[in-house]
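For reference, the structure is listed below as structure tokens.
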Amino acid sequence: MQEKLSEVQQRISKLEALRQMGINPFPNDFAVKNTAKEITDRCGALDKEALEAKNETAILAGRIMAFRDFGKASFLHIQDRTGRIQVYIRKDLIGADAYKIFRTFDIGDIVGVEGKVFRTKTKELTIEAKIIRLLTKSLMPLPEKWHGLTSVETRYRQRYLDLIANPEVRDIFIKRTRIIQLIREFLNKMDFIEVETPMMQSIPGGAAARPFKTHHNALDIDLFLRIAPELYLKRLVIGGFERVYEINRNFRNEGISTQHNPEFTMLEFYQAYATFDDLMVLTEEMIGFIAKELLGTVVIEYQGEKIDLTPPWQRISVKDAVLKYTDADGEIFTDKKMAMAFAKKLGLNIPEAFSHGKVILEIFEHVAEPKFTQPTFVTHYPLEVSPLSRKNEKDPAIVDRFELLVCGREIANAFSELNDPIDQNERFIQQLKEKEAGDTEAHAMDEDFVRALEYGMPPTAGEGIGIDRLVMLLTNSASIRDVILFPQLRPEKS
RNA sequence: GAGCCGCUAGCUCAGAUGGCAGAGCAACGCCCUUUUAAGGCGUGGGCCCCGGGUUCGAAUCCCGGGCGGCUCACCA
């Protein structure tokens, strides 16, 4: 019979052969004592003779990543959560029977190893195995050792393979975790408390975006996945949590790109008795702290650009930025018709229904936003596009708000919070008008939030930082999919 | 949603002009007790993304579809 065996079938045969010999290919009784890194740290400084004299031993486990077979001896590299280490297997040391079993092991199998630490001729720190045991049989062949896994689609769909094969990918996700830890460390030290607020909301508020809709059967009500936690966090400030933050997912039913994933992670924090000016300083300190702890420097490189995070960062108002990068007449900020005409001149296609502020914002985003490569706080956004922000004391057409731009991208958005319930109610009403005029992203009315404000919210400043984009920046990642473990893709089978 | 590019062995990739489906790694067999992209000799392995069409003949040309990437639009 010349039945063709696939590699998987070959491996299943090996597994069955082991079972025939009374060996469990999936045991769970191997007590791991060491890691690759711990062994390297412990023995890395010792030379061949010193190692010989000290008789250092190790018990560790990991996945077989490479195999070099010499007949009666073999070298392999195994990989655990801390890295790779070489293992040397000798027939005369583990015994002929054990060696025969060992020869059935494949790349990808997970093994436990016990032995002495030594150095080879080429000085590589190596475990000379006294015992090697199969802990998990792998039936699927791993990606190739040299090129690794490069198929972008497979990397995203089978992220575990990406993590096994590509150490730099692993690094990025370890850095992501570390960044979030550092944020918590920074904020906790400042007496912020971390909270969790609803992901399912009956009024999706706190941002201008299209939500995902779902339904609760028992209550028989439609709910929306949240687009922002903002209004709930402010309710907590009203409740007396004067410094509060949440790191969690937001969901927006919009396009997918290198900058956008339908679910993304946001840090939002609120500090009572602070202003948006205070938050600029806090932001400089926090991101500087993260960069220093994570990378050891505040001068980072992103996609070929040197980014200097040394404070203070440039501050410029929307108005000044537009005037700086265009020959616009100052009148466009007071006259909507002038603004529309100027936008048209720039080649922007702007619906008549857009508010004056939205026209200004469109102009700003078109002409100025891409210019800000170095970290820049763009301040004083138009009132109409900021329905939750406090008005500027001197100019009621603008609000005390900033966005942090790095490499032309928005990393953070912050403002002194509007805490006047009557003003807030009017702003919501204005948003409803814009919704009627055709703006699908206009903010919804939230009467319960207005009621909360009526009890009195202390003067507060709040900020949101897009964690995925921050991680992209700090890990030099070009696409948001490279910092999200399982980015949204279309299902594989149609 | 639009434009451009890609999809061939488990992985990484070749396969001008239409003419027997290829390499390296991985796998399998043999040799080899300090290698590290080990080496040597040999062997097996394919829904060429899917469906139509043109043709004596299609991985290759044409049409439709799927999935992915990039750019743009929307957005954070």
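Below, chains carry the letters A, B, ... as their sequence lines are ordered, and counting in each starts from 1. Note that the structure is predicted; figures quoted are calculated from it, not measured.
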> Mind checking the C1' distance from B/C41 to B/A9? Whole angstroms is fine.
Replying inline: 23 Å
> With rounding to whole Å, what would you report as the distance between B/C28 and B/C67 at their P atoms?
Replying inline: 37 Å
>> Of the listed nucleotides (B/A26, B/G69, B/C28), which one gets closest to any side-chain atom of A/Gln10?
In response: B/C28
> Are A/Tyr88 and A/Gln86 linked by a side-chain donor-acceptor pair shorter than 3.5 Å?
Replying inline: no
> Would you say A/Thr150 reaches B/C13's phosphate, i.e. side-chain N/O to OP1/OP2 under 4.0 Å?
Replying inline: yes
> Is the count of non-hydrogen atoms from other residues, nucleotides or ligands lying under 6.0 Å from A/Lys435 atom NZ greater than 12?
Replying inline: yes
> So which nucleotide from B/A76, B/C32, B/U35 ends up closest to the side chain of A/Lys72?
Replying inline: B/C32
>> B/C67, OP1 or OP2 - any side-chain N/O from A/Arg490 closer than 4.0 Å?
In response: yes
> Taking the side chain of A/Phe118 as its heavy atoms from C-beta onward, which of B/A76, B/C28, B/U34 lies nearest to it?
Replying inline: B/U34
> Which nucleotide, B/A37, B/U35, B/C28, lies nearest any side-chain atom of A/Lys14?
Replying inline: B/C28
> Is a donor-acceptor pair below 3.5 Å formed from side chain A/Thr120 to base B/U35, judging by atom type as modelled?
Replying inline: yes
>> Using heavy-atom distances to pick each residue's nearest nucleotide on RNA chain B, tell me which of A/Arg252 and A/Gly71 is more 5'.
In response: A/Gly71
>> So, under a plain 3.5 Å distance rule, would you say the side chain of A/Glu124 forms a donor-acceptor pair with the base of B/U34?
In response: no
> For A/Phe70 and B/C32, is the gap between ring centres under 5.5 Å while the planes differ by less than 30°?
Replying inline: no
>> Using the side-chain heavy atoms of A/Val152, tell me which of these nucleotides is nearest: B/A76, B/C11, B/G68.
In response: B/G68
>> Side chains of A/Ser138 and A/Asp109 only: does a donor on one sit below 3.5 Å from an acceptor on the other?
In response: no
>> With a 4.0 Å limit, can you tell me whether A/Arg481 has a side-chain N or O closer than that to the phosphate oxygens OP1/OP2 of B/G68?
In response: no
> Just checking A/Leu489: base, sugar-phosphate only, or nothing, at a heavy-atom cut-off of under 4.0 Å?
Replying inline: sugar-phosphate
> Where the side chain of A/Arg68 is concerned, which of B/U33, B/A27, B/U35 is the nearest nucleotide?
Replying inline: B/U35
> Using the ring of each side chain (for Trp, its six-membered ring), is A/Phe105 parallel, tilted or perpendicular to A/Phe102, with breaks at 30° and 60°?
Replying inline: perpendicular
> Would A/Arg226 and A/Thr197 count as a side-chain hydrogen bond (donor to acceptor under 3.5 Å, both in side chains) if you check the C-alpha gap in whole Å, the side-chain angles of each, and the deciding distance to 0.1 Å?
Replying inline: CA-CA 10 Å; A/Arg226 76 177 189 192; A/Thr197 63; 3.1 Å; yes
> So, A/Ser389 and A/Arg401: side-chain donor and acceptor under 3.5 Å apart, yes or no?
Replying inline: no
> Using atom P of each nucleotide, how far apart are B/C70 and B/G65 to the nearest Å?
Replying inline: 23 Å
> Is the glycosidic torsion of B/A26 within 90° of 0, making it syn, or is it anti?
Replying inline: anti
>> By nearest atom, which of the nucleotides B/C11, B/U34, B/A27 is closest to the A/Glu144 side chain?
In response: B/C11
> Side chain of A/Glu153: nearest nucleotide among B/A26, B/C67, B/U35?
Replying inline: B/C67
> Expressed in whole Å, how much space separates the P atoms belonging to B/G44 and B/C7?
Replying inline: 28 Å
> Under the criteria of a ring-centre distance below 5.5 Å and an interplanar angle below 30°, is A/Phe264 stacked with the base of B/A76?
Replying inline: yes
>> Can you tell me which nucleotide in B/U34, B/C74, B/A76 comes closest to the side chain of A/Tyr88?
In response: B/U34
> If you measure from the P atom in B/G53 to the same atom in B/A59, how many Å do you get, rounded?
Replying inline: 15 Å
> Can you tell me how far P in B/G6 sits from the matching atom in B/A14, rounded to whole Å?
Replying inline: 11 Å
